[in-house]
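If you're wondering where the values come from, they're calculated on a predicted model, not measured in any experiment. Below, read A as the first sequence line, B as the second, and so on, with proteins coming before strands; counting in each chain starts at 1.
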Amino acid sequence: MTHKRIGFCCKWLDFPRQMDGFKPKDEALKLNNRTTTVAWLNRQERAVAEQRLWDIMEHNTNATLELVKRVGTLDPRQRMVRLSSDMFPVYTEPTYSYYYQLPDVKEAIAKKCAAIGETARMLDIRVSFHPGQFCVLASDNETIVANSIREFEYHTDLARWMGYGNSFHDHGFKINVHISGRKGPDGIRAIWNQLSTEARNLVTIENEENSYGLDDTLSLADIIPTVFDCHHHWVKTGEYIEPTDDKIKRVIDSWRGVRPTMHYSVSSESILVGHDNSVRPAMTTLLESGHKKQKLRAHSDFMWNTAVNQYVAEFWENFDIQVESKAKNLASTKLFQELTNA
DNA sequence: GAGGGTCAAGTCCGT
DNA sequence: ACGGACTTGACCCTC
């Protein structure tokens, strides 16, 4: 995992209209996950619920494998993808977690996940996970912490089945979370020993827009690498931090020789209607003209601002760039073409 | 097919 | 207090 990459997150789109959801006949459904809800499962007979979980498990593992194969057809510098967290719905939900412990089910998913990991390594694809907003390891509520550890270990189970986690961020793999909880960095340290070895090998922490910024994530650099999110940093501080800044050097160091990943998103084009796309959005100016910080957080469809693209390009030498945008691979491919003049 | 209601879970900001 | 944003909107049901 040494050369530079630009990747995307969680879903494969064939057309921009699919940003608003897929239609029943869309081919891309074969590359994307299905899901279900606890409420729906609860309304069914147990056999029906179990059958649905089995069907979704088969669909999602197949879809993830197909997604990885598809990413493998891209330029080597585009072979990076974040995998969706909802591979196995309700895995950590107390009523249904038993299902995934059934021997037949466990054996099937272990085999399916192994194939996904082997294929990703064979095709030289950098993969990762990003647990959602409910994974709050540093919460001040011990029940939430316990649930969050379970949620994190679910992602670790997936990674382990896929063949990752035996050493520090092997193959560049990461399971990235926010600090989120009110206990902050100390809360992360407090639960460190409750995480499995593989979890400790794979966790990364991302700077946030509101509570915990780069200084906070870097305070954990002795145990956890920082995923630098330039949009979060901009929303929090208004700064386009320089790639040569000492903090960025410390981010790189926190990865201990593994090539770092950064996140790239930009304010939604629907919020900044009419904004000059060759000029970087300026926080002070935007706030003075009545924009709200919270609205500026929202992600764009595409990486529409060439000036910010050029700014991010300066990081590419040292960072793989994970694009977070509504248009998914369509946006990351367009950015890739822009930065490589392809 | 379109449209509206529903969905396991945390935290913050703005009103 | 509550909706919306983040995260990753999708699915069920009715018409």
Side-chain angles (χ1 to χ4, degrees), chain A residues 8-13 17-26 28-29 31-44 48 52-53 55-56 59-60 63-64 67 81-97 128-152 154-155 175-184 187 206-213 227 229 231-232 235-236 263 265-268 270-271 287 290-301 322-329 331:
Chain A
F8 63 98
C9 301
C10 304
K11 288 203 307 188
W12 179 276
L13 306 187
R17 67 154 171 85
Q18 292 171 331
M19 284 187 278
D20 299 321
F22 296 108
K23 294 181 175 175
K25 291 184 177 175
D26 281 348
L29 284 171
L31 305 186
N32 291 292
N33 281 354
R34 296 173 54 195
T35 190
T36 186
T37 63
V38 173
W40 187 88
L41 293 169
N42 283 346
R43 290 195 292 267
Q44 317 303 315
V48 174
R52 177 59 62 96
L53 289 177
D55 292 343
I56 291 175
H59 174 90
N60 289 355
T64 302
L67 174 66
V81 60
R82 176 191 303 169
L83 301 180
S84 169
S85 289
D86 62 2
M87 187 101 75
F88 305 134
V90 303
Y91 187 95
T92 60
E93 205 282 328
T95 314
Y96 291 101
S97 54
S128 63
F129 285 117
H130 191 349
Q133 66 269 49
F134 303 113
C135 187
V136 186
L137 295 169
S139 174
D140 55 2
N141 175 323
E142 61 181 37
T143 305
I144 292 170
V145 172
N147 291 344
S148 297
I149 291 174
R150 223 171 43 243
E151 180 71 9
F152 196 90
Y154 154 59
H155 290 82
I175 305 174
N176 179 59
V177 289
H178 300 234
I179 292 177
S180 305
R182 296 187 192 92
K183 282 193 170 177
E206 167 184 0
N207 59 298
E208 300 160 24
E209 313 100 311
N210 294 324
S211 307
Y212 303 104
V227 169
D229 187 311
H231 185 57
H232 289 173
V235 171
K236 192 170 199 302
H263 288 177
S265 55
V266 66
S267 296
S268 170
S270 67
I271 299 292
L287 294 179
H291 283 96
K292 299 298 175 204
K293 224 172 194 189
Q294 283 309 100
K295 294 278 186 183
L296 294 171
R297 292 170 66 194
H299 290 172
S300 65
D301 295 346
Q322 188 91 55
V323 173
E324 296 179 320
S325 66
K326 308 271 187 202
K328 307 298 178 192
N329 57 297

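A gap of 15 Å separates the P atoms of dG3(C) and dC7(B), to the nearest Å. The same atom, P, is picked in dA5(C) and in dG9(C); the two are 11 Å apart, to the nearest Å. Rounded to whole Å, the P atom of dC13(C) lies 14 Å from the corresponding atom of dA8(B). For the P atoms, the distance linking dT6(B) with dG4(C) amounts to 15 Å, nearest Å.
As a whole-Å value, the separation of Glu208(A) CD from dC12(B) P is 9 Å. Atom CG of Asn60(A) and atom C1' of dT8(C) are 13 Å apart (whole Å). Remark: C1' of dC6(C) and CG of Asn210(A) are 9 Å apart, rounded to the nearest angstrom. Put simply, CG on Asp20(A) is 14 Å from C1' on dG3(B), counting in whole angstrom units. One atom, CG of Leu137(A), and another, P of dT11(B), lie 11 Å apart when rounded to the nearest Å. The nearest whole Å value for the distance from the NE2 atom in His130(A) to the P atom in dG10(B) is 17 Å. dT11(B) atom C1' lies 15 Å from atom CD of Glu206(A), rounded to whole Å. Here the P atom of nucleotide dA8(B) and the CD1 atom of Ile56(A) are 13 Å apart, to the nearest Å.
Residue contacts shown for Glu324(A) are limited to sugar-phosphate atoms, with no base heavy atom under 4.0 Å away. Residue Asn147(A) is classed as having no contact, given no heavy-atom separation below 4.0 Å to the nucleic acid. Nucleic acid contact class of Ser211(A) (heavy atoms, under 4.0 Å, all strands): sugar-phosphate only. Using a 4.0 Å heavy-atom cutoff across all strands shown, Lys25(A) reaches no nucleic acid atom at all. Within 4.0 Å (heavy atoms only), His178(A) reaches no atom of the nucleic acid at all. No engagement by Ser84(A) is indicated, since no non-hydrogen atom pair under 4.0 Å with the nucleic acid exists.
Using bins of under 30°, 30° to 60° and over 60° for the plane-to-plane angle, the ring pair His299(A)/His231(A) lands in the perpendicular bin. Using a 30° and 60° split on the angle between ring planes, Phe8(A) and Trp12(A) fall in the perpendicular class, above 60°.
Distances from the side chain of Gln294(A) to the nucleotides dG4(C), dA2(B), dT8(C) place dG4(C) closest. With dG14(B), dA8(B), dA2(B) as the choices, the nucleotide that has an atom nearest any side-chain atom of Lys293(A) turns out to be dG14(B). The side chain of Ala298(A) has dA5(C) as its nearest neighbour among dA5(C), dT8(C), dC13(B). Relative to the side chain of Gln133(A), the nucleotides dC12(B), dT8(C), dC6(C) differ in distance, and dC6(C) lies closest. Nearest nucleotide to the side chain of Ser139(A), out of dT11(B), dC12(C), dT8(C): dT11(B). With dC11(C), dA8(B), dG9(C) as the candidates, the nucleotide lying closest to the side chain of Ala39(A) is dA8(B). Considering only side-chain atoms of Arg297(A), the nucleotide from dC13(C), dA5(C), dT7(C) that sits closest is dA5(C). Side-chain proximity of Lys292(A) to the nucleotides dT15(B), dA8(B), dG9(C) is greatest for dT15(B). Checking dC6(C), dC12(C), dT11(B) against every side-chain atom of His299(A), the shortest atom distance belongs to dC6(C). Comparing dG14(B), dT7(C), dG10(B) by their closest approach to the side chain of Val136(A) singles out dG10(B).
Stacking here means ring centres nearer than 5.5 Å and ring planes tilted less than 30 degrees, and by that measure Phe134(A) does not stack onto dG10(B).
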Handout entry: Candidate pair Asp26(A) and Arg17(A), rule salt bridge (Lys or Arg N to Asp or Glu O under 4.0 Å), full reasoning
Key = CA-CA 11 Å; Asp26(A) 281 348; Arg17(A) 67 154 171 85; 2.8 Å; yes
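With hydrogens and angles left out, the side chain of Thr92(A) and the base of dA8(B) share a donor-acceptor pair within 3.5 Å. Side-chain atoms of Thr37(A) stay outside donor-acceptor range of the base of dT6(B), with no qualifying N/O pair under 3.5 Å.
Using a 4.0 Å cut-off, no side-chain N or O of Lys295(A) falls inside it from OP1 or OP2 of dG14(B). In terms of phosphate contacts, Arg34(A) brings no side-chain nitrogen or oxygen within less than 4.0 Å of OP1 or OP2 of dA10(C).
His130(A) and Glu206(A) share a side-chain donor-acceptor pair at under 3.5 Å. Side chains of Asp86(A) and Ser84(A): a donor on one and an acceptor on the other come within 3.5 Å.
dT7(C) makes up no base pair with any nucleotide shown, lacking Watson-Crick or G-U wobble contacts both under 3.5 Å. Base pairing annotation: dC13(C) forms a Watson-Crick or G-U wobble pair with dG3(B), both donor-acceptor distances under 3.5 Å.
Separation of atoms CD1 (Ile56(A)) and CG (Asn33(A)) is listed at 9.5 Å; rounding is to 0.5 Å.
No side-chain heavy atom of Lys326(A) sits under 4.5 Å from any side-chain heavy atom of Leu13(A). Taking 4.5 Å as the limit, some side-chain heavy atom of Glu324(A) sits within range of a side-chain heavy atom of Asp229(A).
Take the nearest nucleotide of DNA chain C for Cys9(A) and for Arg52(A): the residue whose nucleotide is more 5' is Cys9(A).
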